[in-house]
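Hydrogens, waters and symmetry mates play no part in the numbers below; they use all other heavy atoms, side chains included.
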Amino acid sequence: MRLSGDFFGRDVLVVAPELIGKKLFRNKNGATTGYSIVEVEAYRGEEDKASHARFGKTSRNGIMYAPGGLVYVYLIYGMHWMLNIVTGPGEQPQALLIRGLKGFEGPGRLTRALEIDRSFYGEDLALSSRIWIETGEENPAITQSSRIGIDYAGDPWKSMAWRYRLGG
DNA sequence: AGCAAGATCGGT
DNA sequence: CCGATCTTGCTG
């Protein structure tokens, strides 16, 4: 069953663990492939100094302020596309960075493998024929730890256990 | 208008 | 550990 606003419209810290074990589908040239989501990271509000929303609403992060269920894609280090899912009811900027799929560990590697780029910015997971998410494994084991690559955020943000992984 | 830094990755 | 590579958003 395809997930939509009912699922993604909740707080990012509620959605994050539930997204583990769900299946991300990608259709390219008429062929559809599904991948289990194994790792995500939560970015929550303007007060989160690790989030792109820490400077407030800008042209890049504007989509984070939308109601949950849209795709937020951006380029990092001039070469890697990062795939994020917007969550929450809207107004408060929230997003989940997809860091790993079964078979594709690493946020930059998975977007390269699935051919996801800036053309996916704002894509609606409830309506898109290119990318969507469906229910998957029920109640998988989940491990929480601190987020990667955001030491610049300082405490307490760099220490928040907002990274969720499948298993132990 | 200029510039530093980045939610990363792969090779030394 | 270092370079790649380019966009963003701050600073002046």
Rounded to the nearest Å, what distance is computed from the [atom1] atom of residue [X] to the [atom2] atom of nucleotide [N]?
X      : N     : atom1 : atom2 : result
A/M64  : B/dA7 : CE    : C1'   : 10 Å
A/I148 : B/dT8 : CD1   : P     : 8 Å
A/R99  : B/dC9 : CZ    : C1'   : 12 Å
A/D151 : B/dT8 : CG    : P     : 11 Å
A/R54  : B/dG6 : CZ    : P     : 8 Å
A/Y74  : B/dA5 : OH    : C1'   : 13 Å

Base-pairing assignment for B/dC9 (Watson-Crick or G-U wobble, both under 3.5 Å): C/dG3
Under 3.5 Å on both distances, the Watson-Crick or G-U partner of C/dC10: B/dG2
Sugar-phosphate, base or nothing in reach of A/R147, heavy atoms under 4.0 Å: nothing
Between [X] (side chain only) and [Y] (backbone N and O only), is there a donor and an acceptor less than 3.5 Å apart?
X      : Y      : answer
A/Q144 : A/A161 : yes
A/K22  : A/E18  : yes
A/R10  : A/F7   : yes

Residues in contact with DNA chain C, drawn from residues 75-84 of chain A - heavy-atom cutoff 4.0 Å: A/L75, A/Y77, A/G78, A/M79
What closest approach, in Å, do [X] and [Y] show between heavy atoms, and which atom pair accounts for it?
X      : Y      : value
A/A42  : A/R147 : O-NH1, 2.9 Å
A/V71  : A/I63  : O-CG1, 4.0 Å
A/R54  : A/D48  : CB-O, 3.8 Å
A/D117 : A/S119 : OD1-OG, 2.7 Å

Beyond-backbone contact of A/S51 with A/R44, side-chain heavy atoms, under 4.5 angstrom: no
Check: A/Y74 ring centre within less than 6.0 Å of A/H52 ring centre: yes
Selection from B/dG10, B/dG6, B/dT8 that lies nearest to any side-chain heavy atom of A/Y152: B/dG6
Range on DNA chain C touched by chain A, heavy atoms, distance below 4.0 Å: C/dA4 to C/dC10
Inter-nucleotide P distance (C/dT5, B/dG2), Å rounded: 23 Å
Under-4.0 Å side-chain N/O to phosphate OP1/OP2 contact, A/R163 with B/dA7: no
